[in-house]
Amino acid sequence: MVIASIDMKGGHVVQLKNGKDLAIQRDDADSLIKEFDRYGEVAIIDLDQALRNTDEKGNTPNTALLKSLLRKGNVRVGGGIRSVKKARELISLGAEKVIVGSAAWSENPTSGKILNESFLEELCAAIGKQRVIISVDSIGGKIAVKGWTQTVDISLIEGAKAAEKYASELLFTAVEKEGLMGGTDMDSCHALREAVSCRVVVAGGVRSLEEIEQLEKMNCDVQLGMALYTGAISLKDSFVSCLNWKKTDGLIPVIAQSTAGEVLMLGYANREAIEKSFETGKLTFFSRTRNTLWTKGETSGNFLELEKMRADCDRDTILATVRPRGETCHTGSWTCFSSEAGEKSSLNRLSAIIAERFKNPRPGSYTATLTNDRVREKIMEESEELTDEAETREDVIWEAADLIYFVSVLLHKEGVSWNDVYAELDRRHKEK
C-alpha cells in the first residue's frame with residue numbers, strides 16, 4: 001500500500017530533489033493530512049530536525065505544526081529523532097511509530113559494531129519494537145546519515161540485516177533517486193526484500209502506478225512524495241491497484257464501521273465501487289444479486305459517509321470507517337448485527353445531541369437554557385451529590401449520568417470534544 005509523505009522545512013510542506021533542492025512548497029498541511037488519511041498511513045518528516053536546524057530548546061520551525069498533525073490520522077514521524085525521550089514524547093502526542101535514522105547507526109563501524117545498539121535497545125524497551133522504524137537510506141550502496149549529507153561504511157544489505165532486530169519495519173530511500181521522478185532502484189529493493197523478513201517501505205523516485213504494483217507484488221509498501229504532489233500518481237488509484245483482486249475474484253469484502261468503532265454491515269465491492277466511494281464520499285458496494293453498483297442510502301437517504309478505508313495485511317479485506325446518517329439495516333436497525341433501532345449511547349453520541357440542541361433549540365429544551373455559569377454550578381452540585389449522597393449502586397449510576405451530561409455540556413461550550421480528552425488520557429498513558 002502507499003504511505004503519503006508530508007515533508008516539512010522552514011514551517012512549510014516541501015518536496016526536495018535529492019534531499020537538497022526545493023521543488024515544491026505548500027502551506028496546507030491540515031487539508032493534506034485529511035485527504036491523505038482517507039487512503040492509508042501518513043508519514044510526517046521534519047527535515048529541519050534531521051539537519052539540526054533547531055533552537056536552544058531543540059525545536060524547529062516545524063515543531064508546532066508537526067504536533068498539531070499527530071492525532072489527525074494514522075501518523076508515523078521521522079527526522080532527527082536522536083533520543084529515547086524524544087521518541088516517547090512523539091508517541092505520547094499521537095504518533096503511531098517513529099522513524100529513526102542517523103541515531104540508529106554506529107559512528108565508527110570499523111569497530112565491528114554496525115548499529116548504535118545501546119540506543120536501540122533502550123528505545124525498544126521504552127516504546128516497543130513494533131513502534132520503531134529504522135531508515136536504511138543509501139547513497140552509492142552505502143548507508144546515508146545526517147540528513148543525507150554523509151555516508152558510513154556500511155552496505156545497504158548489511159545494515160538492513162542488522163537493523164531488522166530492532167524494528168518492525170525498514171524505510172529504504174535511494175537518495176540518488178529522491179524527488180527526480182526517474183523511477184526507483186528496483187534492484188536494491190529486490191535485494192533488500194530478499195535479505196529481511198520485516199515490513200519494507202520504499203521511498204525515492206517512484207513515478208508510476210506500475211512501479212507501485214510491481215513493489216506490491218514484491219511485498220514492499222511505498223512512501224510517496226513527489227509523484228503524489230505533482231499529480232503523477234493518485235492515492236485512489238494506488239489504493240485500488242494494491243488490493244488482491246486475483247485472490248478475491250474481483251470482489252473485496254468491505255466492513256463498515258462507525259467512527260465510534262461499532263460494526264454496522266458487511267458488503268462487497270469491485271474496483272468501480274471503491275473508486276465511487278472515494279469520489280462521492282458515500283460508501284458504495286457491488287450487488288451480487290442485481291449485478292450492479294449500489295450506494296448505501298441511495299433510496300432511504302441513510303448514507304454511510306466515508307471517513308477512510310484501510311486494507312488488511314493480506315490486501316483482501318477492507319475496513320471502511322464511516323459516519324452513518326440514520327439506521328444502517330433495511331430492517332430499521334442501527335446495525336445489521338443488532339435489532340436495536342438507535343445508535344448505542346456513547347460520550348460522542350451525547351456530545352452530538354448536545355451540539356444539536358444548541359444549534360437548533362427545541363421548544364422546552366433544557367440543554368439550550370444552560371449558560372456558562374449555570375453549567376459550572378450544576379457540575380459542582382452533581383459532583384457533591386455523587387460523592388456525598390449516592391449510597392446505592394443505582395444512586396451512583398444516576399448521579400454519574402447527571403455529572404457526565406453536565407461535563408459534556410461544558411466541553412461543548414469550551415470547544416472541546418471527548419476525543420480531545422481521550423487523546424490527553426492516551427498521552428499520559430504513553431508518557432509513563
Side-chain angles (χ1 to χ4, degrees), residues 1-6 33 36-37 39-46 66-67 69-105 114-137 159-173 192-193 195-203 215-216 218-223 242 257 261 308-319 321 422-423 425-432:
M1 302 304 286
V2 168
I3 299 164
S5 184
I6 297 178
I33 196 167
F36 292 168
D37 187 59
Y39 305 93
E41 299 165 90
V42 181
I44 300 179
I45 311 298
D46 188 337
L66 185 153
K67 289 181 178 180
L69 298 175
L70 288 182
R71 294 194 185 273
K72 295 182 178 178
N74 299 120
V75 174
R76 51 187 53 205
V77 178
I81 298 174
R82 303 178 183 90
S83 71
V84 172
K85 180 181 178 181
K86 183 66 175 179
R88 289 185 64 172
E89 178 193 7
L90 291 168
I91 293 294
S92 74
L93 290 172
E96 295 183 355
K97 295 187 177 185
V98 294
I99 305 168
V100 182
S102 303
W105 304 99
I114 294 175
L115 297 169
N116 183 353
E117 294 179 1
S118 60
F119 166 68
L120 293 174
E121 286 172 359
E122 184 184 356
L123 180 65
C124 290
I127 67 172
K129 175 182 174 180
Q130 195 61 29
R131 290 195 176 110
V132 178
I133 303 168
I134 295 179
S135 291
V136 286
D137 306 329
K161 286 181 176 179
E164 183 179 17
K165 178 182 176 182
Y166 299 100
S168 62
E169 58 187 275
L170 302 178
L171 172 61
F172 165 59
T173 302
L192 180 59
R193 180 68 281 173
V196 298
S197 59
C198 66
R199 184 183 185 188
V200 172
V201 180
V202 174
L215 287 164
E216 179 68 30
M218 203 186 294
N219 198 25
C220 292
D221 295 312
V222 175
Q223 187 165 306
C242 287
Q257 174 183 271
K308 61 184 178 182
M309 286 192 185
R310 295 293 184 267
D312 73 344
C313 55
D314 294 322
R315 311 292 193 249
D316 60 3
T317 305
I318 291 173
L319 180 65
T321 301
Y422 298 152
L425 292 171
D426 186 58
R427 184 194 67 77
R428 294 182 189 184
H429 169 70
K430 291 175 178 176
E431 196 176 46
K432 295 179 180 179

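The chain is numbered in sequence order, starting from 1.
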Would you call L123 and V132 a side-chain contact if the rule is heavy atoms closer than 4.5 Å?
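The answer is yes, as the side chains (C-beta and beyond) meet within the 4.5 Å cut-off.
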With a sphere of 6.0 Å drawn around [atom1] of [X], does it hold more than 12 non-hydrogen atoms of other residues, nucleotides or ligands?
{"X": "K165", "atom1": "NZ", "result": "no"}
{"X": "K161", "atom1": "NZ", "result": "no"}
{"X": "Q130", "atom1": "CD", "result": "no"}

Please round to the nearest 0.5 Å and tell me the distance separating atom CZ of F172 and atom OG of S135.
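It comes to 11.5 Å.
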Say whether, by atom type as modelled, one donor and one acceptor occur between the side chain of [X] and the main chain of [Y] under 3.5 angstrom.
{"X": "R88", "Y": "A126", "answer": "no"}
{"X": "E164", "Y": "S197", "answer": "yes"}
{"X": "N116", "Y": "A104", "answer": "no"}
{"X": "E216", "Y": "M1", "answer": "yes"}
{"X": "R427", "Y": "K430", "answer": "no"}

Any side-chain donor near an acceptor of the partner, N74 and R310, under 3.5 Å:
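N74 vs R310: donor-acceptor pair found between side chains.
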Is it true that [X] and [Y] have a side-chain N and a carboxylate O under 4.0 angstrom from each other?
{"X": "R199", "Y": "D221", "answer": "yes"}
{"X": "K67", "Y": "E89", "answer": "yes"}
{"X": "E169", "Y": "R76", "answer": "yes"}

